[in-house]
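Just so it is clear, the structure is predicted and the values come from calculations on it, not from any experiment.
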Amino acid sequence: MFKKAIIGALVVGCVATSCSDDDDSGNVSTESNLTVNLNGLEDLGNDYLYEGWIIVNGDPISTGTFSVNSDGELSSTSFAVNTESLNAATSFVLTIEPTPDPDPAPADTKLLKGDFGTSNTATVGLGPVITEGDFLDSTGDFFLRTPTDEAPMTANNGNDEYGVWFGTPAMPPVATLTLPVLDAGWKYEGWVVSEGVPISTGTFTMGNTADDNAGASDGFSETASNGPQLPGEDFFRNEPDGVTFPLDVRGKAVVISVEPFPDNAAAPFLLKPLVGTAGTETAPTSYAFELNSDSFPTGSISR
């Protein structure tokens with residue numbers, strides 16, 4: 001059963017300001033340091049924290065929480081952990097947790113994991129985010145088209161620069177996104193960035209179906225027709241603050257991110273596996289995404 005570790009005090013006789021593994025009284029420290037060396041993490045805001053866990057005999061034991069500031073600096077990089085548990089740990093997992101946290105178990109939003117094996121250092125990766133595939137194999141296309149303001153069986157009304165859809169144009173459009181299958185706690189989200197403002201096209205878990213906000217009354221697309229069975233959005237109504245609709249997507253950055261679910265913020269999360277720039281041509285022209293592995297966090301854990 002999942003449970004958080006109770007970080008105990010040092011045994012009686014261990015002086016708080018100076019404690020060795022074997023002090024003059026013969027008492028032995030019950031704690032050792034776990035050191036976190038991670039790069040590429042971001043500020044989660046006021047309502048979430050990162051939490052580390054060691055896995056001992058299949059059970060997670062908390063190593064403590066930390067935050068990250070706007071410069072990517074961790075609030076703490078060293079954590080006191082029960083020595084016996086730390087020595088027996090087979091791996092380390094990093095999660096994103098709400099604060100305050102009502103659940104002592106790890107959240108589904110497991111971001112990083114590394115195995116110790118026979119070493120005292122674990123190199124972490126994004127394995128917990130996915131159940132199948134590899135982010136390094138991510139590919140895909142997008143095209144500019146606005147089907148939702150055209151009544152069924154009517155001609156193209158010539159304003160396709162106001163929408164973006166993930167795939168290639170055809171009758172019907174073809175899904176081309178190749179992305180890993182995400183584990184529980186994560187979803188993909190599309191974005192168009194206009195004057196530094198990221199505008200969501202909606203969240204999704206599969207690239208060959210409509211996304212979660214398709215047909216929503218508070219969405220950006222019009223309602224004269226449904227969009228294709230692809231993630232994407234037209235930008236005609238309900239514009240967010242600081243943005244003017246209809247939004248011309250030409251020349252703008254188009255991004256697919258991986259988001260915690262539930263999400264910690266309205267802005268894109270740090271994982272952005274695919275990025276691209278829309279050109280000047282609308283459908284039938286399509287544009288290829290590029291892999292953005294620089295957005296992936298890296299690092300190691302030492303015990």
query = Is there a side-chain contact between Leu94 and Val36 (heavy atoms, below 4.5 Å)?
reply = no

ask   = When hydrophobic residues are tied together by side-chain contacts of less than 4.5 Å, even through go-betweens, does Leu291 share a cluster with Val193?
value = no

inquiry  = Contact between Arg237 and Thr223 at the side-chain level, heavy atoms closer than 4.5 Å - yes or no?
reply    = yes

task = Kindly compute the distance separating CG (Asp103) from CD (Glu97), expressed to the nearest 0.5 Å.
result = 7.5 Å

ask   = With no hydrogens and no angle check, is any side-chain donor or acceptor of Thr95 less than 3.5 Å from a backbone partner on Ala107?
value = no

request  = Find out whether Val254 and Trp191 are in side-chain contact, i.e. whether some heavy atom of one side chain is under 4.5 Å from a heavy atom of the other.
outcome  = no

request  = Work out which heavy atom in Asn33 is nearest to a heavy atom in Ser78; give both atom names and the distance.
outcome  = CG-OG, 3.7 Å

message = Consider side-chain hydrogen bond (donor to acceptor under 3.5 Å, both in side chains). Of Thr205, Asp263, Asp212, which one does Lys187 pass it with?
response = Asp212

message = Quick one, Thr176 with Asp141, criterion side-chain hydrogen bond (donor to acceptor under 3.5 Å, both in side chains). Give me CA distance, side-chain angles, the key distance, then yes/no.
response = CA-CA 6 Å; Thr176 62; Asp141 307 278; 2.9 Å; yes

ask   = Counting distance only, does the side-chain N/O of Asp211 pair as donor-acceptor with the main-chain N or O of Gly232 below 3.5 Å?
value = yes

inquiry  = Any side-chain to backbone donor/acceptor pair from Arg145 onto Ala283? Under 3.5 Å, distance only.
reply    = no

ask   = Would Tyr162 and Asp149 count as a side chain to side chain contact (heavy atoms under 4.5 Å, CB included) if you check the C-alpha gap in whole Å, the side-chain angles of each, and the deciding distance to 0.1 Å?
value = CA-CA 10 Å; Tyr162 299 138; Asp149 74 329; over 6 Å; no

query = Is a side-chain N or O of Thr90 found less than 3.5 angstrom from the main chain of Ile55, in a donor-acceptor match?
reply = yes

request  = Treat each ILVMFWY residue as a node, draw an edge where side-chain heavy atoms are under 4.5 Å apart, and state whether Met206 and Leu271 are in one component.
outcome  = no

query = When clusters are formed by joining ILVMFWY residues with side-chain heavy atoms under 4.5 Å apart, either directly or through shared neighbours, do Ile256 and Leu136 land in the same one?
reply = yes

message = Looking at Asn226, I'd like to know if its CG atom is crowded, meaning that more than 12 non-hydrogen atoms belonging to other residues, nucleotides or ligands lie closer than 6.0 Å.
response = no

query = If you count the non-hydrogen atoms of other residues, nucleotides and ligands that lie under 6.0 Å from CG in Asp71, is the total more than 12?
reply = yes

ask   = Shortest non-hydrogen contact from Val164 to Phe166?
value = CG2-CE2, 4.3 Å

ask   = Is there side-chain contact between Ser302 and Asn37, with heavy atoms separated by less than 4.5 Å?
value = no

ask   = Given the rule that I, L, V, M, F, W and Y join up when any side-chain heavy atoms are under 4.5 Å apart, are Leu144 and Val275 in one cluster?
value = no

key: Partners passing salt bridge (Lys or Arg N to Asp or Glu O under 4.0 Å) against Asp115 (at least two apart in sequence or in another chain)   = none

message = Under a 3.5 Å distance rule, please check whether Tyr48 uses its side chain to pair with a backbone N or O of Ser67 as donor and acceptor.
response = no

inquiry  = Test your reading of the model: is there a side-chain donor-acceptor pair from Ser225 to the backbone of Thr148, 3.5 Å cut-off?
reply    = no

inquiry  = Going by side chain to side chain donor-acceptor pair (under 3.5 Å), name the pairs with one or both residues in residues 164-173, residues two or more places apart or in two chains.
reply    = Trp165-Asp234

request  = Evaluate the ring planes of Phe142 and Phe289, with Trp represented by its six-membered ring, and classify them as parallel (under 30°), tilted (30 to 60°) or perpendicular (over 60°).
outcome  = tilted

task = Decide side chain to side chain contact (heavy atoms under 4.5 Å, CB included) for Arg303 and Ser32; before the verdict, give the C-alpha distance in whole Å, the side-chain angles of both, and the deciding distance to 0.1 Å.
result = CA-CA 8 Å; Arg303 60 181 176 182; Ser32 298; over 6 Å; no

key: Value rounded to 0.5 Å, distance of CG in Leu126 from OG1 in Thr298   = 9.5 Å

query = Is the closest side-chain heavy-atom distance between Pro173 and Phe143 below 4.5 Å?
reply = yes

task = Kindly indicate, with the supporting measurements, whether the criterion side chain to side chain contact (heavy atoms under 4.5 Å, CB included) is fulfilled by Leu179 and Phe204.
result = CA-CA 11 Å; Leu179 291 164; Phe204 62 96; 4.3 Å; yes

query = Nearest heavy-atom pair of Val129 and Leu111: which atoms, and what distance?
reply = CG2-O, 3.5 Å

request  = State whether the side chain of Glu150 and the backbone N or O of Asn157 hold a donor-acceptor pair below 3.5 Å, judged by distance alone.
outcome  = yes

query = Is there a side chain to side chain contact (heavy atoms under 4.5 Å, CB included) between Thr131 and Asp183 once you walk through the steps?
reply = CA-CA 5 Å; Thr131 60; Asp183 206 343; 3.5 Å; yes

query = Looking only at heavy atoms, which two atoms of Leu177 and Gly207 are closest? And how far apart?
reply = CD1-CA, 4.2 Å

Closest approach of Phe116 to Ile301 (non-hydrogen atoms, all atoms of both residues) = CE2-O, 3.8 Å

Heavy-atom side-chain proximity of Leu247 to Ser194 below 4.5 angstrom = yes

ask   = Rounded to the nearest 0.5 Å, what separation is found between the CG atom of Asn238 and the CG atom of Asp218?
value = 6.5 Å

key: CG on Asp101 to CG on Asp47, rounded to 0.5 Å   = 12.0 Å

ask   = Got Thr146 and Asp160 here, is their nearest side-chain heavy-atom distance under 4.5 Å?
value = yes

query = Do side-chain atoms of Asn213 reach the backbone of Ala216 as a donor and acceptor pair under 3.5 angstrom?
reply = no

note = dist Leu112:CG -> Ile96:CD1 (nearest 0.5 Å) comes out at 9.0 Å

message = Main chain of Phe220, side chain of Glu233: is a donor-acceptor contact present, judged purely on distance under 3.5 Å?
response = yes

ask   = Are Pro297 and Leu270 close enough that some pair of their side-chain heavy atoms sits under 4.5 Å apart?
value = yes

query = Are the aromatic ring centres of Phe236 and Phe245 under 6.0 angstrom apart?
reply = no

task = Please say whether more than 12 non-hydrogen atoms of neighbouring residues, nucleotides or ligands are located less than 6.0 Å from CD in Glu239.
result = yes

Exceeds 12 heavy-atom contacts within 6.0 angstrom, atom OH of Tyr287 = yes

task = Provide the closest heavy-atom pair for Gly158 versus Asn156 in the form atom of the first, atom of the second, distance.
result = N-OD1, 2.7 Å

query = To the nearest 0.5 Å, how far apart are CG in Asp108 and CZ in Phe261?
reply = 10.0 Å

message = Keeping Ser119 on the side-chain end and Thr121 on the backbone end, is there a donor-acceptor pair under 3.5 Å?
response = yes

message = Under the rule for ring pair (Phe, Tyr, Trp, His ring centres under 6.0 Å), what residues qualify as partners of Trp186, not counting sequence neighbours?
response = Phe269

inquiry  = Tell me whether Leu49 shares a hydrophobic cluster with Val81, the cluster being built from Ile, Leu, Val, Met, Phe, Trp, Tyr side chains joined at under 4.5 Å.
reply    = no

